[in-house]
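What follows is a short report on a single structure.
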Amino acid sequence: MLVAFGATPAQALLAGALVGPAQVGARLLEAGWLARFHPLLSARLAMLMNPIGVVALVMGGPLLASTFTVLYGAGNGIITIARGTLPLALFGPAGFGRRVGMISLPSRLTGAAAPLALGLMVEHIGSSALWISALVSVSAFFALLLLRAERANSTPLQVGEQNS
């Protein structure tokens, strides 16, 4: 897809190689600086990374291919942490495992289908598929804006208590 935006295969390869380090760097940022804030901030920030990267890629072409992949990777890195911390912050520890399992099911299903869906979109509409990806991320950002950043008032479970 980066080649479709004018990147050479070498530029696309270099840009793609930056996704993993960007994920790790963003997780370190999340564990350090962002940990001082409510997990909603992290989740919202993660949802904006891909659309900002898409805009950068469209405006800068191959010169900003690496910027796109770094932002994409950083967003993925941050959201992996927020997936676990956000439900705990919003709902508390009671029933945490079951709740996270239910919440993550749609995410896992769409994550499994995404490579095929994106591949089909690229085949049929080309690099415009990135705009659809950005739109989905922006939609998730607006959904996250509907959530309030109040911490749950649940108390930790005592030994022998069961989640309900």
Side-chain angles (χ1 to χ4, degrees), residues 1-90 97 100-147 149:
M1 193 170 318
L2 295 175
V3 172
F5 277 96
T8 66
Q11 287 172 318
L13 183 62
L14 172 64
L18 296 174
V19 172
Q23 289 175 331
V24 172
R27 288 179 186 135
L28 291 172
L29 177 69
E30 165 62 29
W33 185 70
L34 286 173
R36 295 184 279 177
F37 301 99
H38 194 280
L40 263 175
L41 176 66
S42 296
R44 290 170 180 161
L45 180 64
M47 288 301 105
L48 289 178
M49 296 288 196
N50 182 47
I52 292 169
V54 169
V55 170
L57 181 61
V58 169
M59 295 182 79
L63 293 176
L64 294 181
S66 293
T67 301
F68 164 72
T69 58
V70 166
L71 288 169
Y72 170 79
N76 280 334
I78 292 172
I79 202 63
T80 59
I81 304 299
R83 265 191 213 124
T85 58
L86 186 57
L88 184 62
L90 292 176
V100 169
M102 290 173 52
I103 291 171
S104 68
L105 181 61
S107 171
R108 298 293 181 203
L109 292 175
T110 56
L116 175 63
L118 188 61
L120 290 172
M121 284 191 296
V122 168
E123 185 177 317
H124 293 289
I125 62 174
S127 57
S128 296
L130 280 180
W131 287 114
I132 295 171
S133 167
L135 180 62
V136 169
S137 294
V138 168
S139 298
F141 170 77
F142 282 116
L144 287 167
L145 286 179
L146 297 175
L147 297 175

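Separating the CG atom in Leu18 from the CG atom in Leu71 is a distance of 11.0 Å, to the nearest 0.5 Å. Summarising the geometry, atom CD1 belonging to Ile52 is positioned 12.5 Å from atom CZ belonging to Phe68; distances are rounded to the nearest 0.5 Å. In this structure, Leu86 CG and Leu147 CG are separated by 6.5 Å, a value rounded to the nearest 0.5 Å. In this structure, CG on Leu2 lies 11.5 Å from CG on Leu64, to the nearest 0.5 angstrom. Here the straight-line distance linking atom CG of Leu45 with atom CD1 of Ile79 works out to 9.5 Å at 0.5 Å rounding. For the atom pair CG (Leu41) and CG (Leu144), the distance works out to 11.0 Å, reported to the nearest 0.5 Å.
Considering all non-hydrogen atoms of both residues, Gly111 and Pro115 come closest at O-CD, 3.3 Å. Across all non-hydrogen atoms, the minimal contact from Met47 to Ala140 is SD-CB, 3.4 Å. In plain terms, the two heavy atoms of Ala12 and Ala7 that are nearest each other are N-CB, 4.3 Å. Closest heavy-atom contact between Leu90 and His38: CD2-CE1, 4.0 Å. Considering every non-hydrogen atom in both Val70 and Ala22, the closest pair reads O-CB, 3.4 Å. When every heavy atom of Ala46 is checked against every heavy atom of Gly75, the shortest pair comes out as CB-O, 3.4 Å.
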* Test Thr110 against Val136 for side chain to side chain contact (heavy atoms under 4.5 Å, CB included), laying out the working first. => CA-CA 12 Å; Thr110 56; Val136 169; over 6 Å; no
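For the side chain to side chain donor-acceptor pair (under 3.5 Å) condition, the pairs that include at least one residue of residues 64-84, sequence neighbours left out, are Arg27-Thr80, Tyr72-Asn76.
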